[in-house]
Amino acid sequence: MFLFVIVLHESGAGLSFSHQLSCHHFLAGFWYPYKNIFALVDELGIQPFTNWTQSAQYSPNGLEVESPIFQDVPRLPSPLGTFIYTKFLRLPIWDRLSSLPLMYAVVDFDNSDKSWRKYDTRTARELFKEFGCSERVYKEAFNPMLLVGLFAPGEQCSAAATLGMLYYFILAHQPDFDVVWCRGTVGERIFKPWIARLEQQGCEFLSRKRVTDVVLDKVSGLVTGILCGNELFSADAVVFCVGISAMQRIVASSPVLQERDEFLNTCNLGAVDVLAVRLWLDRKVSIPRPSNACFGFDSSTGWTFFDLNALHDEYQDEQVSCQSAAAS
Ligand SMILES: Cc1cc2nc3c(=O)[nH]c(=O)nc-3n(C[C@H](O)[C@H](O)[C@H](O)COP(=O)(O)OP(=O)(O)OC[C@H]3O[C@@H](n4cnc5c(N)ncnc54)[C@H](O)[C@@H]3O)c2cc1C
């Protein structure tokens, strides 16, 4: 038997564990480069997504930035299209141009171990300063992106993680910033049919089983099973696919993993708390764009809000407004 530990959404022949659905309850955007997910939904024969949507950014001064649907406008060599078509309502052209030298670092960062070592030792804030980005372009364009993209301000983000994000979501190809949204929760719309398909193929999913430890064969050095409290499941292979906080909790309860530096060292990693809420307003409020990011209301916090009447099928005909907001 081949055992996959954790997450409902990692597929494999065999078992998969999860104690809850976690992030799949809140709103999720799927960007243009998520080719594997678009291929998966095609394979499942489902259409869970909205059309491509435009987004906006707000500050205490009002609307700051509007993005077009980049694949609908004439293609320019990257990153020119992003620079030219993104509509900044207040940020002067001189400030925007000051970010051009940063392209050297974006191109130089190739996601290799070597470039992680080179860029991971400095913060994003230091990187933008070093490459001559103006204070205003940092405060009104890049820092807001980090606050809602990596959930932390530039002083707390690694320059390597920042370059990786800029390249993947924004700069590699003009349409990469285009996004579609799930027309309901990801759990209902994507995982449910996916799990049903995998079950038809013989997979078994065990939910609400919290992994607490692994079983190690001292002679071979191989993991031969996992423990969920007192329950033992034998396994040929174990794959952890949990976030940092969950991994730290597993290590805390696992004498076997505590023996290994690579697992113990996860305790040195930080995580950011994120708050997600749904707001029901007692009347329909017209919101120009369905997905919106906000910055400048607090120095270390960014937030997003989404018009669920526009994005989720179930709220389309509501006479009240339903909004989803997340802040970090
Ligand atoms: C507010 C917010 C908004 C986001 N918006 C987007 C977005 O729009 N688009 C996007 O692409 N990404 C978005 N993300 C990021 C995205 O949610 C994550 O990148 C993604 O969920 C990570 O998936 P994962 O499978 O690695 O981990 P997770 O989704 O964290 O899955 C880990 C699973 O393991 C389970 N688990 C934990 N501990 C145990 C244990 N001991 N035993 C068994 N199971 C366990 C958990 O219950 C969970 O089901 C957002 C994140 C947040 C916080």
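In each ligand, atom 1 is the first atom listed, and ligand 1 is the first ligand listed. Keep in mind that the numbers below use all heavy atoms, side chains included, and drop hydrogens, waters and symmetry copies. Since the model is a prediction, treat every value here as computed from it, not as a measurement.
Using bins of under 30°, 30° to 60° and over 60° for the plane-to-plane angle, the ring pair Trp194/Phe191 lands in the parallel bin.
For Asp317, there are no salt bridge (charged side-chain N to carboxylate O under 4.0 Å, His left out) partners at least two apart in sequence or on another chain.
A heavy-atom separation below 4.0 Å is not found between Phe30 and ligand 1. Heavy atoms of Ala276 stay at 4.0 angstrom or farther from ligand 1.
With distances taken over non-hydrogen atoms, the option nearest atom 1 (C) of ligand 1 out of Val242, Ile250, Val274, Thr304 is Val274.
Distances below 4.0 Å separate heavy atoms of Ala246 from the following atoms of ligand 1: 37 (C), 38 (N). Listed by atom number, the atoms of ligand 1 under 4.0 Å from Gly29 heavy atoms are 7 (C), 8 (O), 9 (N), 10 (C), 11 (O). The distance from ligand 1 to the heavy atoms of Lys209 drops below 4.0 Å at these ligand atoms: 42 (N), 43 (C). Within ligand 1, counting atoms from 1 as listed, the ones closer than 4.0 Å to a heavy atom of Cys241 are 32 (C). Against a heavy-atom cut-off of under 4.0 Å, Tyr34 is close to the following atoms of ligand 1: 10 (C), 11 (O).
Taking the ring centroids of Tyr167 and Phe109, they lie at or beyond the 6.0 Å cut-off.
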Where do Phe177 and Tyr32 land on the side chain to side chain contact (heavy atoms under 4.5 Å, CB included) test, with the steps shown first? CA-CA 7 Å; Phe177 196 58; Tyr32 191 83; over 6 Å; no
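No donor-acceptor distance shorter than 3.5 angstrom exists from the side chain of Glu188 to the backbone of Thr185, with no hydrogens or angles considered.
The distance criterion of under 3.5 Å between nitrogen or oxygen atoms is not met by Arg210 with respect to ligand 1.
By the criterion of a heavy-atom distance under 4.0 Å, the side chain of Phe151, and not its backbone, is placed next to ligand 1. If you look at Arg249 next to ligand 1, there are no close heavy atoms at all, none under 4.0 Å.
Two residues are said to be in side-chain contact when any heavy atoms from C-beta on lie closer than 4.5 Å; Met145 and Phe295 fail this criterion.
Residue pairs meeting the ring-ring contact (aromatic ring centres under 6.0 Å, His included) criterion with at least one member in residues 124-144, sequence neighbours excluded: Phe128-Tyr138, Phe128-Phe142.
When Tyr34, Trp181, Phe38, Trp31 are each tested for a ring-ring contact (aromatic ring centres under 6.0 Å, His included) with Phe49, only one passes: Phe38.
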